[in-house]
Amino acid sequence: MDRSEFERRYAAARKELISRDFAGLNDMQKKAALTTEGPLLLLAGAGSGKTTVLINRIVNIIRYGRGSDCATAPSWATEDELAELEAAVERGARATEEERELLRVEPAEPWRILAITFTNKAADELKSRLFSALGEKAEDIWAMTFHSACVRILRRHIEALGYTKSFTIYDASDAQAVMKRVLKEMNVDEKMLPAKNVLGMIGRAKDALQSPEEYAEAAEKGYDPRVKKAAAAYKEYQARLKNADAVDFDDIIYLTVRLLTENKDVCEYYQNYFKYVLVDEYQDTSLLQYRLVSLLAGGRGNICVVGDDDQSIYRFRGATIENILSFEETFKNARSIKLEQNYRSTGHILGAANAVIKNNKGRKGKELWTDLGDGEKPRLYVADNEDEEAMYIAAKVLEGVAGGDNFRDFAVLYRMNAQSNRLEYAFKRQGIPYRVIGGVRFFDRAEIKDVTSYLCAVQNPADDLRLMRIINNPPRGIGTTTLETLRQKASEAGKPVFSVILDSAHIPELKRASAKLMDFARLIVELRAKSASMPLDEFYDLMLDKTGYLAALGDGDENIARVENIKELKSNIVSYMNGDEGPTLAGFLDEIALYTDLDSLEDKDNSVIMMTMHAAKGLEFPWVFVAGMEDGIFPSIRSIGEEEEMEEERRLCYVALTRAKKHLILTAARQRMLYGKTASNMVSRFVDEIPDEHIDKPEERRTRRSRYEDDDIFGEWQSRFPLGERRSQREAYPERQSSWERPTPRPTPRPAPRPAAPAGKPLLSLSVGDRIRHKSFGAGEVVKVVPMPGDALVTVNFEGTGEKRLMLKTAGAFITKE
DNA sequence: ATCATAACGCTTTTT
DNA sequence: GCGTTATGAT
């Protein structure tokens, strides 16, 4: 046998045997797991099992190295060994442990693998699944978020950039506080140039890898005076952070990229260190993150990115879809694999989602399919107003629960957080347990910021921001004038505020306050000493006590909740201590700085989940409601008329629809109160993009609004009109302005005509006390009837099963009157 | 220093 | 409509 024949056969047998370890995967998934070398683009549609692929690919790399993706035989291989492998192939079973030895080609040590995600949640999931696949070994894999990976690198090497290794991380509100201060001192009117905007501009500058100087240079060329102001603010802001030994979220990535570009040896170190780099959710990476990734993977070029161009919904935060669209041009010889089989949703749901996303231009082009069957059609419900919309959703949830599903199987998604209010109200009234994700975050609460500020001030003596936050909280008789002087002296001397405090006895303007300041300084110094010598949780209690913070809270209604939160933070500390070896204050602060509420989303409690569509990405639920399917809400008013924005909204719609496994219900309200004004909206254009074969729409519409007759009862419903005029209206006003300025004219006769007979088959009429028989629940008595628009919610006490709530329209078919 | 009132302004926000 | 923030008065 000549050498090339030998190599070919050896490689083929090796690949076949390796692939048998991954028998649970479909062909495309397997191909992805076995392609280990060079750049790889994995286009993974929603629900296509991409995490599974990622896990298996890592397992493969650790177990076999590049064995599955290598065309040559090892030089030591003999014909006997080839024969052994081919025999194993013939045998049809998985390789034995001895045969496996022959399959490996430079297997990678776990720590040579970097798997980057965006969220802690995704990182945790990756870690725990790697752990179940690999055991202990998984600990060493760098499976973490962009930010935590960069913090880890910076903690080692940041001194090259002039910060210290114990730098502090500033979150968004810290950054805003610093910027507000900067603008104030520059005498910039916040109304003309809000701190938020400036931070946004700085963020974009950092994304383009522009230093304050480079940004200022570019600003000089333009004519916008605000950009010039922003450039000056950038310089000052960055200087302050550096003085405080602090980095903001953007800096974490920006400084890492700077570090790697400016320090060849550090860069080479990491390029050597990591053999394989994987990036999840690649469609959401920014230019800067792309740079980071290509630097880290630059040595060997083994970079695998996983993403879905159709799920890119963070353009407004600097994500650029170009990264994924142009991957194959940027990385030469890239291979690309599409995962289009969806394991999550049934056919009609995918049909609807595919139909919507098809309207976007500039896609890689993918079409999800499933073998789970057609399933139920998505359905559109149009309510009169947001209250009725909320009631409908609540009723549907009860109906689903009566049918045997759990509350946790339901999710309600909406475009903006403000929409959650009415839904919450309806859910409360119906006694439905729910959880709202997002809104005010735990670590943004004032009391949590306060106590963490104490921890930061103890940890980092230069952290003026946190120091100033707590210096007079609880009140220590240190007034605003003293604080101003402190700030001024500190900036004059270019020293931290804390060192000015220590000198205060020698500074004339501070002499009077010196005693109080020194008391405070002694407190911090004492705490600093203690923090080094005692366990973190004990130190936390000591801090709360010595600072008098807890004692000063008192026991008002609100304060009880605050104390609860402070205790909650302690349980965070304890669980951090259990998880991390060698827990330190610095480590804990890192952890909480990079932590969000979404991470705590656990399905331990059986509640309906309510959240924005953005927050829902990556999640799945048997039942999904998408509320507020109205032009002006979704797509949002700001995106109408802007092609790019509209496409992003459409992707968001695609994300929302593909969260549903079995039941998908879209709801809209004809009228909605928003920002204190009533608006009439048309049903979202996205609904129109779904062909009738994949959606059930009401054929008729009611016009008059229902009224509540008492707390629980809707008024009788009124006459119906065909929904037909909507489409013709759209043709009459093709690029109409939003319906906010020009309410949709509706044929609303007042007083409304007598109720017309509903078109469908008449509803079974039930009243309290009726005896009924249900196909699956058996005999029962009607306890309560709540008329709903076009339907009714009936509560039945079944013999045996007890009380159940049913929607008459759906349950009617299973009910007979006795 | 702390509270009260007016005034604004408002998508989404993985870290 | 509501929640946050700035300002002024006690």
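Protein chains get the first letters and strands the later ones, always in sequence-line order, with residue 1 at the start of each. In what follows, every heavy atom counts, from backbone to side chain, and hydrogens, waters and symmetry copies are set aside.
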Student: Let me know the distance between CD of Q311(A) and P of dT13(B), rounded to the nearest Å.
Tutor: 16 Å

Student: Using 0.5 Å steps for rounding, measure from the CG atom of L292(A) to the OH atom of Y270(A).
Tutor: 11.5 Å

Student: Quick one: is N417(A) getting a side-chain N or O under 4.0 Å of the dT13(B) phosphate, OP1 or OP2?
Tutor: yes

Student: From the list dA1(B), dT12(B), dT14(B), which nucleotide is the closest neighbour of the side chain of N472(A)?
Tutor: dA1(B)

Student: Taking atom P of dT5(C) as reference, at what distance in whole Å does atom NZ of K184(A) sit?
Tutor: 14 Å

Student: Between dT12(B) and dT5(C), how far apart are the P atoms? Round to whole Å, please.
Tutor: 15 Å

Student: Select one nucleotide: of dT12(B), dT11(B), dT14(B), the one nearest the side-chain heavy atoms of E645(A).
Tutor: dT11(B)

Student: What nucleotide, of dA6(C), dT14(B), dT11(B), holds the atom closest to the side chain of E649(A)?
Tutor: dT11(B)

Student: Are F316(A) and the base of dT13(B) stacked, counting only ring centres nearer than 5.5 Å and planes tilted under 30°?
Tutor: no

Student: For dT11(B), take OP1 and OP2 only and decide whether either is under 4.0 Å from a side-chain N or O of Y675(A).
Tutor: yes

Student: Check whether the side chains of N360(A) and D310(A) place a donor and an acceptor atom closer than 3.5 Å, and report yes or no.
Tutor: no

Student: Side-chain N or O of T612(A) less than 4.0 angstrom from OP1 or OP2 on dT13(B)?
Tutor: yes

Student: Answer with yes or no after comparing the ring centroid distance for H614(A) and F316(A) against a 6.0 Å cut-off, counting only values under it.
Tutor: yes

Student: Taking only side-chain nitrogens and oxygens of R415(A), does any of them come within less than 4.0 Å of OP1 or OP2 of dT11(B)?
Tutor: no

Student: Would you say the side-chain atoms of D387(A) pair up with the backbone N or O of R422(A), donor to acceptor, closer than 3.5 Å?
Tutor: no

